[in-house]
Novice: 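I'd like to ask some things about the structure below.
Chain letters run A, B, ... following the sequence lines, proteins first, then strands; residues in each count from 1.
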Protein chains: 2
Amino acid sequence: MITVFSADHEKRNVRTELYGGVLVPPHERAERARIVLDRVQEVGLGDVVAPTRHGLDPVLKVHDAGLIEFLSTVEDEWAAAGYEGEAIPTCWPARRMVDRVPRHVDGKLGYYAMSTETSIGPGTWEAAQASKDVALTAAALVAGGEKGAFGLCRPPGHHAAYDLYGGYCFINNAAVAAQHLRDAGAGRVAILDVDFHHGNGTQDIFYRRGDVFFASLHGDPADAFPHFMGYADEVGEGAGEGFTVNYPMPPGTAYDQWSDALADALRRIRAFGAEAIVVSLGVDTFERDPISFFKLTSDDFRRYGGLIGQAGLPTLFLLEGGYAVAEVGINAVNVLSGFEDA
Amino acid sequence: MITVFSADHEKRNVRTELYGGVLVPPHERAERARIVLDRVQEVGLGDVVAPTRHGLDPVLKVHDAGLIEFLSTVEDEWAAAGYEGEAIPTCWPARRMVDRVPRHVDGKLGYYAMSTETSIGPGTWEAAQASKDVALTAAALVAGGEKGAFGLCRPPGHHAAYDLYGGYCFINNAAVAAQHLRDAGAGRVAILDVDFHHGNGTQDIFYRRGDVFFASLHGDPADAFPHFMGYADEVGEGAGEGFTVNYPMPPGTAYDQWSDALADALRRIRAFGAEAIVVSLGVDTFERDPISFFKLTSDDFRRYGGLIGQAGLPTLFLLEGGYAVAEVGINAVNVLSGFEDA
């Protein structure tokens with residue numbers, strides 16, 4: 001399996017994450033991608049290639065132009081404001097407030113943010129663009145006939161909604177890639193989100209569409225980030241009704257329950273008639289992940305990679321979360337190896 | 001003029017405020033109230049009395065029971081979660097997310113918060129209750145025939161909405177007091193908010209009511225906190241249509257423009273037929289306030305106190321913001337002295 005990777009991910013290298021009321025070094029850090037790349041090379045998964053540049057047109061097919069303009073200017077606006085730290089929102093349009101984009105960078109941050117753990121600093125926008133180029137380049141491999149491809153994306157993407165960033169995400173790589181597969185000729189595409197956290201951004205983007213199926217297995221949002229999306233009764237709306245499925249699961253969930261949900265999701269994806277699958281591959285379902293509460297072992301990752309492989313569909317894997325840094329490479333590559341061996 | 005004051009405000013003594021991407025000592029700190037009290041005594045404004053306890057019934061007339069339950073339990077829930085810092089929200093119900101209260105304290109924080117600068121730590125809820133008792137006790141003095149009274153409230157209240165805390169505020173003291181005046185027999189009550197920041201919480205609580213007029217003079221929300229409320233086209237809705245008026249003003253606004261807005265607000269309050277005025281007395285309009293951008297001088301505070309006094313209505317002053325700590329006492333008491341001398 002070919003891996004697409006860009007060293008430009010390192011340009012996102014912020015110092016802070018708001019966590020538990022203090023500023024800590026980010027859980028989502030550059031080391032993660034290097035460890036996954038090392039493991040890809042260690043096991044000889046296949047060639048590693050650099051992405052080709054795709055510009056912003058594919059991004060604007062799934063994101064609001066205002067969000068993209070904001071992401072491209074916020075680093076300079078924040079620097080001009082002269083604050084001491086990295087950019088973190090302080091207020092947002094809460095219930096009954098107005099839907100208006102303020103002038104001040106503090107207001108813009110709150111307007112476009114869904115959360116506060118995601119500090120923005122220099123290089124973030126450049127890294128986010130490289131990450132979506134990784135996703136698009138890997139998507140093109142699958143559209144061109146590869147059985148599978150791996151986009152080693154960083155920063156991740158699945159929390160980025162139509163007009164919101166957050167959860168370490170800026171551009172929704174999976175959504176951009178799924179749209180690319182559609183535009184390249186696939187009539188129906190499924191996105192399977194196996195990250196520990198609900199893929200609220202991806203759900204949001206496709207919630208009213210019937211051509212992209214979205215299935216997410218995740219920690220119950222009553223207990224886990226992002227808290228305000230991912231409940232079982234969210235099933236799509238309008239033309240998208242029935243094309244979103246959520247599997248929220250409680251603290252302590254281990255592989256038996258988790259893999260039952262995966263099997264159900266794969267059944268629905270086949271019934272949908274998907275011609276390709278985009279996997280939002282977060283490995284924070286791992287038993288020792290520092291910010292999650294599922295109990296998958298490293299072997300379980302290989303097993304479920306096999307289940308995905310047995311679906312027999314062209315499959316694009318895109319890296320999302322996973323923060324137990326030492327094991328993030330083993331677990332991600334186990335999924336890919338399990339897929340290849342299926 | 002009688003001042004109502006409770007030393008219990010000191011029980012709110014958090015260490016952190018998220019400001020400019022770093023955690024700094026809070027701008028809203030205990031020292032503020034002590035400085036104002038010292039100035040009240042220095043100029044011999046009048047007696048200083050302790051509040052009587054009023055319980056939560058008057059609070060539940062203007063706030064959601066869920067918010068009050070949350071505020072009364074969040075300190076313990078946060079402590080039980082074992083986080084290192086004070087309680088600060090990390091995510092919230094952003095656009096198109098679900099309106100559901102999560103189980104985890106992180107989710108509850110985001111559900112009930114409007115902003116992140118307001119850390120919650122031990123003693124916050126006790127101080128917030130003492131602050132509303134100060135407001136209610138001062139309101140009772142006005143209802144009982146005093147021409148004016150001063151509730152030296154801390155924490156402040158005007159950003160606290162029906163079901164939201166933030167902006168250093170937990171219970172909306174002005175709203176609780178205005179409701180008390182209504183219940184004590186005033187047919188129509190006006191709230192005049194002269195704090196630098198828009199009184200979004202107060203507006204929210206009375207937006208659909210025709211018996212409480214709300215006027216706010218403040219920094220344009222396009223440029224200033226709270227960013228998502230306080231625009232000139234917000235005028236009330238339903239039975240409240242025409243009973244909210246906002247005067248957003250740009251950076252650098254000095255007394256001439258500001259006092260024109262005040263004169264207009266007082267004209268409207270008279271036309272409304274108010275039988276009493278509650279003044280949300282923030283003094284962060286001061287030219288050297290560290291987080292605001294108006295240019296009022298200490299003399300200006302005395303002048304506008306006189307304008308309010310000339311309205312000739314029973315008037316309840318409740319302390320809101322004001323962060324240039326050295327001058328916060330002089331400026332607040334200048335308003336009260338100007339009122340008395342009118």
Novice: Minimum heavy-atom separation for B:Leu18 and A:Ile88, please, with both atom names.
Specialist: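 What the structure gives for the nearest pair is CD2-CG2, 3.7 Å.
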Novice: What are the two closest non-hydrogen atoms of A:Val22 and B:Leu23, and how far apart are they?
Specialist: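 Closest pair (atom of A:Val22, atom of B:Leu23, distance): CA-CD1, 3.8 Å.
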Novice: Of the backbone (N, CA, C, O) and the side chain (C-beta and beyond), which part of B:Tyr162 lies under 4.5 Å from a heavy atom of chain A, both, or neither?
Specialist: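 When you check distances to chain A, atoms from both the backbone and side chain of B:Tyr162 fall under 4.5 Å.
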Novice: Can you name the nearest heavy-atom pair linking B:Trp78 to A:Gly21, along with the distance?
Specialist: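 Shortest heavy-atom contact: CZ2-N, 4.0 Å.
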Novice: Distance to the ring centre below 6.0 angstrom and angle to the axis at most 45 degrees; does that hold for A:Arg96 and B:Phe228?
Specialist: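 Cation-pi check for A:Arg96 and B:Phe228: fails.
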Novice: Let me know if B:Ala113 has heavy atoms under 4.5 Å from chain A in its side chain, its backbone, both or neither.
Specialist: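 For B:Ala113, the contact with chain A is made by backbone and side chain together.
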Novice: Looking only at heavy atoms, which two atoms of A:Cys91 and B:Pro226 are closest? And how far apart?
Specialist: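 Answer, listing the atom of A:Cys91 first, then B:Pro226: SG-O, 3.5 Å.
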Novice: Where does A:Asp163 contact chain B at under 4.5 Å (heavy atoms): side chain, backbone, both or neither?
Specialist: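 It is both, since atoms from each part get that close.
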Novice: Parallel, tilted or perpendicular: which fits the ring planes of B:Tyr83 and A:Tyr19, with parallel below 30° and perpendicular above 60°?
Specialist: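 Correct class here is perpendicular.
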Novice: Using side-chain contact (heavy atoms from CB on, under 4.5 Å), reason through B:Met114 and A:Met97 one step at a time and then give a plain yes or no.
Specialist: CA-CA 10 Å; B:Met114 60 162 281; A:Met97 293 189 180; 4.1 Å; yes
Novice: Does any non-hydrogen side-chain atom of A:Phe225 lie less than 4.5 Å from one of B:Asp106?
Specialist: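 They are not in contact (no side-chain heavy atoms under 4.5 Å apart), so the answer is no.
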Novice: Heavy-atom pairs under 4.5 Å with chain A: which of B:Asp99, B:Thr116, B:Val105 has the most?
Specialist: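 Looking at each option in turn, the highest pair count goes to B:Thr116.
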Novice: Using non-hydrogen atoms only, which part of B:Glu84 is less than 4.5 Å away from chain A: side chain, backbone, both, or neither?
Specialist: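 Backbone plus side chain of B:Glu84, per the 4.5 Å heavy-atom cut-off to chain A.
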Novice: Is there a side-chain contact between B:His227 and A:Val101 in this structure, where contact means two heavy atoms from C-beta onward sitting under 4.5 Å apart?
Specialist: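 Not touching, per the 4.5 Å side-chain cut-off.
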Novice: Tell me, out of B:Thr118, B:Asn200, B:Asp204, B:Asp220, who's got the most heavy-atom pairs with chain A below 4.5 Å.
Specialist: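 Winner by heavy-atom pair count: B:Asp204.
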Novice: Taking every heavy-atom pair that is under 4.5 Å apart, which of A:Gly166, A:Pro89, A:Ala87 has the most such pairs with chain B?
Specialist: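 Among the listed options, the one with the most contacts to chain B is A:Pro89.
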Novice: Considering only heavy atoms, which portion of B:Asp223 lies under 4.5 Å from any heavy atom of chain A: side chain, backbone, both, or neither?
Specialist: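 Looking at B:Asp223, backbone and side chain both touch chain A.
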Novice: Heavy-atom distance under 4.5 Å between the side chains of B:Arg100 and A:Asp233, does that happen here?
Specialist: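 Yes, at least one pair of side-chain atoms sits under 4.5 Å.
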Novice: Heavy-atom distance under 4.5 Å to chain A: side chain of B:Pro221, backbone, both or neither?
Specialist: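 Contact with chain A is through the backbone of B:Pro221 alone.
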Novice: Measure distances from B:Ser119 to the heavy atoms of chain A and classify the residue's part below 4.5 Å as side chain, backbone, both or neither.
Specialist: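 For B:Ser119, no heavy atom lies under 4.5 Å from chain A.
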Novice: Which atoms of B:Gln203 come close to chain A, meaning under 4.5 Å heavy atom to heavy atom: side chain ones, backbone ones, both, or neither?
Specialist: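 Contact with chain A: none, neither part.
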Novice: What heavy-atom pair brings B:Glu117 and A:Thr90 nearest, and what distance separates the two atoms?
Specialist: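 Heavy-atom minimum between the residues: OE1-O, 3.9 Å.
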Novice: Considering only heavy atoms and a distance below 4.5 Å, find which of A:Gly85, A:Pro93, A:Gly230, A:Ala161 pairs most often with chain B.
Specialist: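 When all of A:Gly85, A:Pro93, A:Gly230, A:Ala161 are compared, A:Pro93 has the most.
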Novice: State whether A:Tyr111 and B:Arg95 meet the cation-pi test: NZ (Lys) or CZ (Arg) under 6.0 Å from the six-membered ring centroid, and within 45° of the perpendicular axis.
Specialist: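 Yes, B:Arg95 and A:Tyr111 form such a contact.
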Novice: Sort out for me which of B:Glu234, B:Met229, B:His104 touches chain A most, counting heavy-atom pairs under 4.5 Å.
Specialist: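 If we count pairs closer than 4.5 Å to chain A, B:His104 comes out on top.
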Novice: I need the minimum non-hydrogen distance between B:Leu164 and A:Ala94, along with the two atoms involved.
Specialist: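 Shortest heavy-atom separation between B:Leu164 and A:Ala94 comes out as CD1-CB, 3.8 Å.
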